[in-house]
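Only one structure is covered here, and it is reproduced in the block below.
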Amino acid sequence: QVQVVQSGGGSVHSGGSLRLSCVASGYTYSTYSMGWFRQAPGKEREEVAAIDSDGTTRYADSVKGRFTISRDNAKNTLYLQMNSLKPEDTAMYHCAAVPSEYYNTGWHDWAMFGYWGQGTQVTVSS
């Protein structure tokens, strides 16, 4: 019943921008925390950014000042605006939603109790 569908991504040169979107349905979106995670081959999955049910946000140090996470509750949509992209941002990006009680847990709990999008590849060339 719950669906989380991503769009966006693609290939850009260093310094370029991309916007990822994530549309959720089948649950009460406004009571969930949302986040973006990424993983490159040979590297650990990491949380890129997250936003809780009241709009509070957090970012990985590596993307702070370049990426912006936002949500539009009326449209049940999550966004990740990525500016000043670097080759090290190249990865598969997934969005996820969890009940807000899990906002302050690690990604393992998000994986256990949340709903995940299908993934979108972002490739940044030098």
Side-chain angles (χ1 to χ4, degrees):
Q1 184 177 3
V2 176
Q3 291 185 293
V4 183
V5 181
Q6 298 179 221
S7 62
S11 299
V12 297
H13 293 292
S14 293
S17 298
L18 288 171
R19 192 186 202 193
L20 306 183
S21 298
C22 185
V23 180
S25 63
Y27 67 100
T28 306
Y29 176 87
S30 61
T31 67
Y32 275 65
S33 300
M34 305 288 291
W36 291 97
F37 300 80
R38 68 185 182 188
Q39 187 170 24
K43 298 181 180 179
E44 294 185 3
R45 177 175 292 184
E46 64 175 339
E47 180 183 289
V48 176
I51 183 167
D52 70 10
S53 58
D54 67 5
T56 302
T57 60
R58 65 188 184 215
Y59 297 90
D61 288 342
S62 60
V63 307
K64 187 176 181 180
R66 301 187 297 119
F67 291 10
T68 302
I69 187 171
S70 62
R71 62 192 295 169
D72 185 338
N73 289 346
K75 298 180 179 180
N76 288 357
T77 303
L78 175 74
Y79 303 98
L80 184 67
Q81 179 65 46
M82 303 183 291
N83 297 326
S84 301
L85 283 161
K86 304 175 181 179
E88 52 263 43
D89 295 318
T90 296
M92 182 70 70
Y93 285 71
H94 291 264
C95 64
V98 293
S100 60
E101 65 192 84
Y102 294 103
Y103 178 71
N104 290 316
T105 66
W107 70 263
H108 287 94
D109 285 329
W110 285 59
M112 284 286 294
F113 304 113
Y115 301 96
W116 290 72
Q118 78 278 16
T120 300
Q121 179 68 36
V122 171
T123 301
V124 184
S125 61
S126 60

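Residue numbers run from 1 in the order of the sequence given. Predicted model, so just to flag it, every value in this text is computed and none were measured.
Side chain of Thr90 to main chain of Val124: a donor-acceptor pair is present (N/O by atom type, distance under 3.5 Å, no hydrogens or angles).
Closest heavy-atom contact between Pro87 and Ser125: CG-C, 4.4 Å. Taking all atoms of both residues into account, the shortest heavy-atom contact from Arg58 to Asn104 is NH1-OD1, 3.5 Å. Ala91 approaches Ala40 most closely through the heavy-atom pair CB-N, 4.0 Å. Looking at every heavy atom in both residues, Val4 comes nearest to Cys22 through CG1-SG, 3.1 Å.
Each of Gln118, Gln39, Gln6 was evaluated against His94; a single residue qualifies, Gln6, per the side chain to side chain contact (heavy atoms under 4.5 Å, CB included) test. Among the candidates Lys43, Arg45, Glu46, the single residue satisfying the side chain to side chain contact (heavy atoms under 4.5 Å, CB included) test with Arg38 is Glu46.
Side-chain contact check for Ser17 and Asn83: at least one donor-acceptor pair (N or O, by modelled atom type) lies under 3.5 Å.
In this structure, Ile69 is a member of the same hydrophobic cluster as Met82, with clusters built from ILVMFWY side-chain heavy atoms closer than 4.5 Å. A continuous path of Ile, Leu, Val, Met, Phe, Trp and Tyr side chains, each step under 4.5 Å between heavy atoms, connects Leu78 with Tyr115, placing both in one hydrophobic cluster. There is a path of hydrophobic side-chain contacts, each under 4.5 Å, that joins Leu85 to Val63. One hydrophobic cluster, built from ILVMFWY side chains closer than 4.5 Å, holds both Val12 and Val122. The hydrophobic cluster containing Tyr103 does not contain Val48, counting ILVMFWY residues as joined when their side-chain heavy atoms lie under 4.5 angstrom apart, directly or transitively.
The CG atom of Leu20 sits 4.5 Å away from atom CH2 of Trp36, with the distance rounded to the nearest 0.5 Å. Atom CD1 of Ile51 and atom OG1 of Thr56 lie 8.0 Å apart (nearest 0.5 Å). For the atom pair Met112 CE and Trp107 CH2, the distance stands at 11.5 Å (nearest 0.5 Å). Of the inter-residue distances, the one linking Met92 atom CE with Thr120 atom OG1 reads 7.5 Å to the nearest 0.5 angstrom. The OG1 atom of Thr57 sits 11.5 Å away from atom CZ of Arg71, with the distance rounded to the nearest 0.5 Å. Here OG of Ser53 is found 12.0 Å from CE of Met34. Values are rounded to the nearest 0.5 Å.
Cys95 has its side chain out of reach of Trp116: every pair of non-hydrogen atoms, C-beta onward, lies at least 4.5 Å apart. Inter-residue side-chain proximity for Val98 and Ser33 is flagged as met; some heavy-atom pair is nearer than 4.5 Å. By the 4.5 Å heavy-atom criterion applied to side chains, Asp89 and Phe67 are counted as neighbours.
Heavy-atom neighbours of Tyr59 OH from other residues, nucleotides or ligands within 6.0 Å: above the threshold of 12. Other residues, nucleotides and ligands contribute over 12 non-hydrogen atoms within 6.0 Å of the CD atom of Glu88.
Taking the six-membered ring where the residue is Trp, the centroids of Trp110 and Phe37 are separated by under 6.0 Å.
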